[in-house]
Amino acid sequence: MNTTAYYPLSNRNAWLAFGYSFTCEAERMAKADCGLNLLDAHLVMLAALHPHQHLSHYAYLLGVSKNTLTSCVKRLRRKKVLQRTVAANDKRCALLCLTEKGHTLAGELALACVRLSRSFPLPRATRVQTVPLSGTIPSVGVRMPGAHILSGAHLRASLNLPQQPGTYAQVAELMRFAHQVLLAQPAFEAIAKDIRLALLPFIVLKALGERPKELVRNVDIESTLGFSKPLVSKAKAGLNSNGYLVNFISENDRRSRFALLSPAGNKALACTQQRFDQIFDAFFPGYARIAPRKPMVK
């Protein structure tokens, strides 16, 4: 009887898969628990931590345009989560802050993050990675806003959460990582687009690239990446449509399917490697030396 195998990935590739799973689950959590999308949830948390700021300040912290954030603010104002106030020193300047309902929602989000941390345990060493990002990544041309580092003590004071040991450090850690993933995702998507892939099949391509001459079972890809069977099937369909995979069926068990990178797949992987490493190290300084811990959520 065949058993599922987990093969270790390089730290960069493991973090890429981990971040993708984390973002998908965080988005699902925000929608299920609070009826928000991920950008809305991030804005609520920022408004709780830094109230009475101009829209452009939040747009800068989130790494999105003012136009994108304007539609987000309109949604939250309709839901009576955000409200506008006027600056004391300039009546023409409109500032944003949470309503009473918004503060309650921020507390729910913070506690939901704690639940999420049980499925996505980040290694302790990541808590010291607080290097702010700004400027342009050399040789890549991706513009990055300043990265916002959340403070556990600030969360405790701002959200008035129940006293639970470790709660605020976990929330700060997860929100910081979620924010970095949100900022980095467009850069990784741009690399994938260069080889005609979406981000999901690109992640599977990177994982298969670590076993370039081996037949890898679908179930082993699922275990290694922490992805569900439908996600892996969807990713493989994208890789197959570009000719990046060679597929095999086991002679002993017709239900067992294997994949091997084609020459075109190896070539596509090689031409993106340098840019991927540069972007990863710019967004996640120090993470290449740290492996995310199992288990990953499927």
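- Smallest separation of non-hydrogen atoms from Ser241 and Gly238: OG-O, 2.7 Å.
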The test is side-chain contact (heavy atoms from CB on, under 4.5 Å); show your working for Asp40 and Arg75 and say whether it passes.
CA-CA 8 Å; Asp40 292 345; Arg75 281 195 303 274; 2.9 Å; yes
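- Between the side chain of Ser262 and the backbone N or O of Gly243, at least one donor-acceptor pair lies under 3.5 Å.
- Within the 4.5 Å cutoff, side-chain heavy atoms of Ile195 are placed close to those of Leu205.
- The backbone N or O of Ser65 lies less than 3.5 Å from no partner atom in the side chain of Tyr60, so there is not a single donor-acceptor pair.
- Glu222 contributes no side-chain N or O that, together with a main-chain N or O of Val232, makes up a donor-acceptor pair within less than 3.5 Å.
- Residue Leu76 forms a side chain to side chain contact (heavy atoms under 4.5 Å, CB included) with just one option from Leu82, Leu96, Leu98, and that option is Leu82.
- One N or O on the side chain of His42 and one on the backbone of Leu38 form a donor-acceptor pair closer than 3.5 Å.
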Just do the side-chain contact (heavy atoms from CB on, under 4.5 Å) check on Leu9 and Leu225 with the steps written out, would you?
CA-CA 9 Å; Leu9 298 173; Leu225 295 175; 3.7 Å; yes
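- Using a 4.5 Å heavy-atom threshold, the side chains of Tyr244 and Leu269 count as separate.
- Between Ala192 and Ala198, the closest heavy-atom pair is CB-O, 3.7 Å.
- Contact between Phe283 and Ala187 at its shortest, heavy atoms only, is CE1-CB, 3.9 Å.
- Minimum heavy-atom separation, Ala94 to His54: O-CD2, 3.4 Å.
- In this structure a side-chain-to-backbone donor-acceptor pair under 3.5 Å is present from Ser71 to Thr68.
- Looking at heavy atoms from C-beta onward, Val216 lies out of side-chain contact with Phe258 at the 4.5 angstrom threshold.
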May I have the step-by-step check of side-chain contact (heavy atoms from CB on, under 4.5 Å) for Leu260 and Leu245, ending in yes or no?
CA-CA 6 Å; Leu260 177 70; Leu245 281 188; over 6 Å; no
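- Here Asp281 pairs with Arg12 in a salt bridge; the nearest charged N to carboxylate O distance falls below 4.0 Å.
- For the atom pair CD1 (Ile191) and CG (Asp194), the distance works out to 8.0 Å, reported to the nearest 0.5 Å.
- The closest donor-acceptor contact from the side chain of Asn242 to the backbone of Arg196 lies under 3.5 Å.
- Atom-to-atom distance recorded for Thr70:OG1 and Arg77:CZ is 11.0 Å, nearest 0.5 angstrom.
- Distance CD/Glu189 to CG/Leu200: 11.0 Å, rounded to 0.5 Å.
- Separating the CD1 atom in Ile203 from the CG atom in Leu208 is a distance of 12.0 Å, to the nearest 0.5 Å.
- Among residues at least two apart or in separate chains, ring pair (Phe, Tyr, Trp, His ring centres under 6.0 Å) pairs with a member in residues 260-282 are Phe188-Phe276, Phe280-Phe284.
- When the options Arg275, Gln274, Gln273 are evaluated for a side-chain hydrogen bond (donor to acceptor under 3.5 Å, both in side chains) with Asp277, the one that passes is Gln273.
- Scanning all heavy atoms of the two residues, the minimum distance from Ala48 to Pro51 falls at O-CD, 4.0 Å.
- With Tyr20 as the fixed residue, the ring-ring contact (aromatic ring centres under 6.0 Å, His included) test singles out one of Trp15, Phe202, Phe227: Phe227.
- Under the 3.5 Å distance criterion, with hydrogens and angles disregarded, no donor-acceptor pair is assigned to the side chains of Lys229 and Asn218.
- Side-chain atoms of Asn13 and Glu210 form a donor-acceptor pair, as typed in the model, at a separation below 3.5 Å.
- The shortest distance between side-chain heavy atoms of Leu36 and Leu105 falls below 4.5 Å.
- Looking only at side-chain heavy atoms (C-beta outward), Cys72 and Leu69 come within less than 4.5 Å of each other.
- Leu55 and Leu95 end up in different hydrophobic clusters when Ile, Leu, Val, Met, Phe, Trp and Tyr side chains are linked at under 4.5 Å.
- Side-chain atoms of Thr99 never come within 3.5 Å of backbone atoms of Gln83 as a donor-acceptor pair (strictly under, hydrogens ignored).
- Residue Lys234 places its NZ atom among 12 or fewer non-hydrogen atoms of other residues, nucleotides or ligands, all under 6.0 Å distant.
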